[in-house]
Amino acid sequence: MPQPDHRNVRLPRLALVARILFALFLFGTGIMTMGFAFNGYPVSDPPDDLGHFMLALQNTGYLIFWVGFFKTVTGTLMFFQRTSPLAILMSLPYAFNILLYVTFFADQYRVIGLLDFGACAFLIYCHFDWYRPIFGASTTVSSPASKGELNAL
């Protein structure tokens, strides 16, 4: 008989605080980013390198809105305990991209980028029991094709 699946959150109180703060950050900046898609991205006059980059993204017509929408959805899902492990994984590509963005391009936002990625990495550590099956050992699965055959896949 298989053992019941126990999924615990490491450092539960600290993880709860980090999850709520990260969810607020994602939700708030997602709404703000969607606003930039409609109202234009604020840049200095004349635009610096960062301003030119953000104007180029704005001129694509879709990227800024969808990044903001994705952040808003992820932040909303992170407010709920049941969907938070999924939301944390969903936010990892965004957080890693922001880490690269502030490291190589937008130095003035480095603290925010490091905190953003750090919160995501910390929450993945805290919820790692939910992700353990991804990295776990193979399972025994019975399929009709494998019965009686030695070399069945």
Side-chain angles (χ1 to χ4, degrees), residues 2 4-139 141 143 153:
D5 190 19
H6 295 289
R7 295 179 179 166
N8 297 318
V9 176
R10 296 178 179 120
L11 307 169
R13 290 184 181 155
L14 190 57
L16 176 65
V17 170
R19 181 172 56 91
I20 297 300
L21 290 175
F22 193 42
L24 286 169
F25 173 78
L26 287 173
F27 184 81
T29 58
I31 296 293
M32 181 181 68
T33 305
M34 285 192 299
F36 290 156
F38 294 118
N39 301 326
Y41 193 83
V43 296
S44 61
D45 190 34
D48 56 353
D49 289 341
L50 180 60
H52 284 296
F53 178 73
M54 294 311 293
L55 287 173
L57 287 179
Q58 178 181 328
N59 290 336
T60 62
Y62 74 95
L63 184 62
I64 290 183
F65 174 79
W66 289 110
V67 168
F69 181 76
F70 185 76
K71 286 168 51 176
T72 304
V73 168
T74 303
T76 303
L77 289 173
M78 206 173 290
F79 281 117
F80 304 103
Q81 177 67 32
R82 183 179 181 111
T83 58
S84 63
L86 173 63
I88 293 165
L89 275 186
M90 287 172 62
S91 68
L92 181 62
Y94 160 76
F96 184 69
N97 182 47
I98 292 300
L99 179 67
L100 293 176
Y101 173 73
V102 300
T103 301
F104 297 112
F105 196 62
D107 294 337
Q108 65 266 35
Y109 301 115
R110 186 167 287 155
V111 172
I112 294 172
L114 289 172
L115 288 174
D116 185 20
F117 182 76
C120 188
F122 174 72
L123 288 170
I124 286 174
Y125 166 76
C126 290
H127 291 83
F128 195 74
D129 285 349
W130 271 264
Y131 314 128
R132 190 175 305 280
I134 297 170
F135 306 107
S138 62
T139 59
V141 177
S143 67
L153 294 176

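Heavy atoms only: backbone and side chains are in, while hydrogens, waters and symmetry mates are out.
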Would you call the rings of Trp66 and Phe69 parallel, tilted or perpendicular, taking 30° and 60° as the class edges? perpendicular
Taking CZ in Phe27 as the centre, count heavy atoms belonging to other residues, nucleotides or ligands within less than 6.0 Å. Is the count above 12? no
More than 12 non-hydrogen atoms from neighbouring residues, nucleotides or ligands closer than 6.0 Å to CZ on Phe25, yes or no?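 For Phe25, atom CZ is crowded (more than 12 foreign heavy atoms under 6.0 Å).
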Side chain of [X], backbone of [Y]: donor and acceptor closer than 3.5 Å?
X      : Y     : value
Thr83  : Leu77 : yes
His127 : Val9  : no
Asp129 : Asn8  : yes

Between [X] and [Y], is any pair of side-chain heavy atoms under 4.5 Å apart?
X      : Y      : value
Trp130 : Ile88  : no
Ser84  : Phe80  : no
Leu123 : Phe22  : yes
Arg19  : Gln81  : yes
Val102 : Phe117 : no

Tell me, with the steps shown, if Phe53 and Phe105 meet ring-ring contact (aromatic ring centres under 6.0 Å, His included). CA-CA 10 Å; Phe53 178 73; Phe105 196 62; 5.0 Å; yes
Please report, to 0.1 Å, the donor-acceptor pairs under 3.5 Å made by any side chain of residues 107-115, with sequence neighbours excluded.
unit_1, atom_1, unit_2, atom_2, d
Asp107, OD1, Arg110, NH2, 2.9
Arg110, NH2, Thr103, O, 3.1

Can the positive tip of Arg10 be found less than 6.0 Å from the middle of the six-membered ring of Tyr125, inside 45° of the ring normal?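 Judged by the rule, Arg10 and Tyr125 form a cation-pi pair.
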Those residues at least two apart in sequence (or on a different chain) that pass side-chain hydrogen bond (donor to acceptor under 3.5 Å, both in side chains) with Thr72 are none
